[in-house]
Asks: 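Before we start, here is the structure in question, set down as structure tokens.
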Amino acid sequence: MNDELRRNMPLFPIGIVTKLTELTPRQIRYYEQQGLISPERTKGNQRLFSFNDVDRLLQIKSYLEKGINIAGIREMLKQSQQVLEAKQEAETVKKELSERDLRRMLKQQIIHPNKRGQIPLNHGELSRFFRH
DNA sequence: TTTCTTACA
DNA sequence: TGTAAGAA
């Protein structure tokens, strides 16, 4: 969960990226202009690319070699991004459901505490709550 | 030295 | 997309 943060860290100047991807600076700048990548900038206005940027450039390169145009690639990236957003949304929903279950169980404890003051949960409820 | 922007015999 | 020029 911390990996994404690292993968998005602005790390390499364009010179390194040209060696990593075998793309020319001209091509890389053009792809940025076309909205395919959005590298950060230093205070001196120099581009800094992240691991994700490099990966994306490699994807762009392979798509181009397969004959897909810029517009097509823009759509591909757009869709793959939507897939990621959908997955994140699914995770969010799961967590919200878990919290709702927790509130329900705590409410049960308050309304129907047992003699020993233990949380009235059985094994099934616990495993269901802590799953994931 | 490297990178940036802009322009095009 | 390549390349040149001038600035940072």
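We use all heavy atoms of the structure for the numbers below, so side chains are in, but hydrogens, waters and symmetry mates are not. Note that the structure is a prediction, hence the values are computed from the model and not measured. Proteins get letters first, then strands, A, B, ... in listed order; numbering begins at 1 in each.
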Asks: When you measure from the side chain of A:D53 to the backbone N and O of A:S50, does any donor-acceptor pair fall under 3.5 Å?
Replies: yes
Asks: Can you identify which nucleotide, out of C:dT1, B:dT2, C:dG2, has its nearest atom closest to the A:T24 side chain?
Replies: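 Selected nucleotide: C:dG2.
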Asks: Kindly say whether A:G35 contributes a backbone atom to a donor-acceptor pair with the side chain of A:R74 at under 3.5 angstrom?
Replies: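 No: the side chain of A:R74 does not pair with the backbone of A:G35.
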Asks: Calculate the interatomic distance between A:L36 atom CG and C:dT1 atom P; express it in whole Å.
Replies: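 Taking atom P of C:dT1 as the reference, CG of A:L36 is at 11 Å.
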Asks: Can A:Q81 and A:E85 be counted as having a side-chain donor-acceptor contact under 3.5 angstrom?
Replies: yes
Asks: Counting only side-chain nitrogens and oxygens, does A:R26 get under 4.0 Å of the OP1 or OP2 atom of C:dT3?
Replies: no
Asks: Using whole Å, what does the distance between atom P of nucleotide B:dT6 and atom CG of A:N45 come to?
Replies: 10 Å
Asks: Write down the distance between CZ (A:R29) and C1' (C:dT1), rounded to a whole number of angstrom.
Replies: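 One finds 13 Å between C1' of C:dT1 and CZ of A:R29, rounded.
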Asks: Expressed in angstrom and rounded to an integer, what is the separation of A:I28 atom CD1 from C:dG2 atom C1'?
Replies: 15 Å
Asks: According to the Watson-Crick and G-U wobble definitions, with both distances under 3.5 Å, which nucleotide is paired to C:dA4?
Replies: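 Pairing partner: B:dT6.
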Asks: Whole angstroms only, please: what is the NZ-C1' distance between A:K43 and C:dA8?
Replies: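 The answer, rounded to whole Å, is 16 Å.
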Asks: So what does A:P13 hit on the nucleic acid, given a heavy-atom distance under 4.0 Å: a base, only sugar-phosphate, or nothing?
Replies: sugar-phosphate
Asks: Could you check A:G44 against A:I70 and say which one's nearest nucleotide on DNA chain C is further toward the 5' end?
Replies: A:I70
Asks: Just one of A:I60, A:L57, A:L58, A:T18 clears the side chain to side chain contact (heavy atoms under 4.5 Å, CB included) bar with A:L23, so which one?
Replies: A:L57
Asks: Would you tell me if any nitrogen or oxygen in the side chain of A:R47 comes within less than 4.0 Å of OP1 or OP2 on B:dT3?
Replies: no
Asks: Run the salt-bridge test on A:E32 and A:R41 with the 4.0 Å N-O cut-off and return the result as yes or no.
Replies: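 Salt bridge flag = yes for A:R41 with A:E32.
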Asks: Is A:Y31 close enough to C:dT1 that one of its side-chain N or O atoms is under 4.0 Å from OP1 or OP2 there?
Replies: yes
Asks: Looking only at side-chain N and O atoms, does A:Q27 come under 4.0 Å of OP1 or OP2 in C:dT1?
Replies: yes
Asks: Write down the distance between OH (A:Y30) and P (B:dC8), rounded to a whole number of angstrom.
Replies: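 Atom OH in A:Y30 sits about 18 Å away from atom P in B:dC8.
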Asks: In this structure, how many angstroms lie between the C1' atom of B:dT5 and the CZ atom of A:R41, rounded?
Replies: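 Value for this atom pair: 10 Å.
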Asks: In whole Å, what is the span from the CD atom of A:E32 to the C1' atom of C:dT1?
Replies: 17 Å
